[in-house]
Amino acid sequence: MSLQIGFVGTGGFTKFHCNLLAKMVGVKVKAFCGTSLEKAESLAAGWDGAKGYDNIHRMLDENALDAVYICVPPMAHGEVENALIERGIPFFVEKPVGLDLEQPSSILERIQAKKLITSVGYHFRYMDSTERALAALSDRTIGMGLGYWMGGMPRVAWWRKQDGSGGQFIEQTTHIVDLMRYLMGEAVEVYAAYGSRVMHLVEEGVTTPDVGTVTIKLASGAVATLSNTCILPGGGKIGLHLYTDKGIMELNNEGLKDSGKGTVFEYKNQSNPYVKAHEAFLHAVRSGDTSGILSSYEDAVKTQAIAVAALRSATDGVPVRLV
């Protein structure tokens, strides 16, 4: 019997995930909830038997859903998660999990009380190259990490507003923060400097910084610096470089370059990390076995804590302790 799946959000990521689910056996997309009925129904029209809604409670009342995917901007979290927790419906939520730390922490308490299955879309964890890097690090000592998310400003109005996206570090660079945690361990202190150099002069309504650098102390004693910008006219560097006692490991969304003393090995990702994330989540929904989920909501809140601490540090001009 097919799993009955609902979606909240009608943007590009909902369409992206739906197209991946369409290729999977035993999955049926049944319902879409959007900010308007028109948008939800327009998207539902492309899926046999699916219906559109503008209210999460009505969607859940009218459909016996096995799981729901939440693909909404950072400022739109809260009501949807709480509605799903109340009904005990597992959910997959795209990153980040919110604008701040207070709301996700409250949601997490309710998830834990219900022992609800959750997964968060930190797909870098599911890359073949990340798995290989993690294995290789078992006999290496990481000294430091340098991470990057360099590019242009996404062409959506909410992204350029601080109260819409939370800023680039919370909305985009969170992927690199999470990858750093996964490979380097937990953070204990954050110090950040942000600036507004270009975008507020060339685009209307920009209230987010467009450059930033965040220095992080890790519990292991290692340090990391993660930098981002959205001022570039085109694409730029995205990834994480690890400096170890046996050489440099460079990870990006295509693969891994591992450079040692007189050796260079390159590994290209063979599988789709988004598909692997879906498979792990849906397997957990069917079986209760969550071992394949690499980023639960509980884990994602730890990543969120670093990103929120960075914003606070940049605002106050002082380091922020996490523990």
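Each residue takes its place number in the sequence, starting with 1.
The pair Arg125-Asp299 counts as a salt bridge, with a side-chain nitrogen and a carboxylate oxygen less than 4.0 angstrom apart. Salt bridge absent: Arg110 and Glu81 never bring a charged side-chain N and a carboxylate O closer than 4.0 Å. Under a 4.0 Å N-O distance rule, the pair Glu41/Lys51 does not qualify as a salt bridge. Salt-bridge check for Lys28 with Asp66: failed, with every basic side-chain N at 4.0 Å or more from each acidic carboxylate O. The pair Arg155-Glu203 meets the salt-bridge criterion, since a charged nitrogen lies less than 4.0 angstrom from a carboxylate oxygen.
Looking at Ser271 and Asp128, their side chains do bring a donor and an acceptor atom within 3.5 Å of each other. A donor and an acceptor atom, one from each side chain of Asp210 and Ser196, are nowhere located under 3.5 Å apart. In summary, the side chains of Tyr69 and His278 do present a donor paired with an acceptor at a separation below 3.5 Å, with no hydrogens or angles considered. Defined by atom type and a distance below 3.5 Å, a donor-acceptor pair is missing between the side-chain atoms of Ser119 and Tyr297. For the residue pair Glu279/His283, the side-chain donor-acceptor check at 3.5 Å is not satisfied. Side-chain N/O atoms of Arg181 and Thr303 include a donor and acceptor closer than 3.5 Å. Counted by atom type alone, Thr35 and Lys39 present one or more donor-acceptor pairs between their side chains at under 3.5 Å. Side-chain N/O atoms of Gln168 and Trp149 include no donor and acceptor closer than 3.5 Å. Using a 3.5 Å distance cut-off with no hydrogens or angles, the side chains of Tyr53 and Asn63 do pair a donor with an acceptor.
With a 4.5 Å cut-off on side-chain heavy atoms, Pro104 and His77 do not count as touching. Side-chain atoms of Ile107 and Ile85, non-hydrogen and from C-beta on, do get closer than 4.5 Å to each other. In this structure the side chain of Leu60 reaches within 4.5 angstrom of the side chain of Ile89, judged on heavy atoms. Inter-residue side-chain proximity for Ile111 and Glu298 is flagged as unmet; no heavy-atom pair is nearer than 4.5 Å. Proximity of Leu294 to Tyr126: side-chain heavy atoms (C-beta onward) are separated by under 4.5 Å at one or more points. Under the 4.5 Å side-chain criterion, counting only non-hydrogen atoms from C-beta, Thr130 is in contact with Leu179. For the pair Thr208/Ser165, a side-chain contact is recorded, criterion being any heavy-atom separation below 4.5 Å from C-beta on. The closest side-chain heavy-atom distance from Ile216 to Thr225 is not below 4.5 Å.
Because its NZ or CZ atom is both nearer than 6.0 Å to the ring centre of Tyr148 and within 45° of the ring axis, Lys237 counts as a cation-pi partner of that residue.
Atom-to-atom distance recorded for Thr290:OG1 and Leu116:CG is 11.5 Å, nearest 0.5 angstrom. Remark: Ile231 CD1 to Met150 CE distance equals 9.5 Å, nearest 0.5 Å. Distance check, rounded to the nearest 0.5 Å: OG of Ser2 to NZ of Lys30 gives 10.0 Å. Separating the CG atom in Asp258 from the CD1 atom in Ile248 is a distance of 10.0 Å, to the nearest 0.5 Å. Between Leu311 atom CG and Ser313 atom OG the span is 9.5 Å, to the nearest 0.5 Å. Between Arg87 atom CZ and Lys114 atom NZ the span is 10.5 Å, to the nearest 0.5 Å.
When all heavy atoms are compared, the tightest approach of Ala280 to Gly292 is CB-O, 3.2 Å. Residues Pro319 and Glu189 share a closest heavy-atom pair of CB-CD, 3.9 Å.
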Derivation of the side-chain contact (heavy atoms from CB on, under 4.5 Å) call for Ile70 and Glu94: CA-CA 6 Å; Ile70 306 170; Glu94 264 302 340; over 6 Å; no

Quick one, Asp54 with Ser36, criterion side-chain hydrogen bond (donor to acceptor under 3.5 Å, both in side chains). Give me CA distance, side-chain angles, the key distance, then yes/no. CA-CA 5 Å; Asp54 60 1; Ser36 76; over 6 Å; no

Given Tyr122 and Thr174, is the side-chain hydrogen bond (donor to acceptor under 3.5 Å, both in side chains) satisfied, shown in steps? CA-CA 9 Å; Tyr122 283 112; Thr174 182; 2.5 Å; yes

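The local environment of CG in Asp48 is sparse, with at most 12 non-hydrogen atoms from other residues, nucleotides or ligands closer than 6.0 Å. Residue-environment remark: CZ (Arg197) stays at or below the threshold of 12 foreign heavy atoms within 6.0 Å. The neighbour count for Gln112 CD, taken as heavy atoms of other residues, nucleotides or ligands under 6.0 Å away, is above 12.
Connection of Leu99 to Val93 is not established within any shared hydrophobic cluster, with ILVMFWY side chains joined at heavy-atom distances below 4.5 Å, either directly or through further cluster members. A single hydrophobic cluster is not seen to contain both Trp158 and Ile170; linkage of ILVMFWY side chains at heavy-atom distances under 4.5 Å, directly or through other members, places them apart.
In this structure, the ring of Tyr274 has its center less than 6.0 angstrom from the ring center of Phe16.
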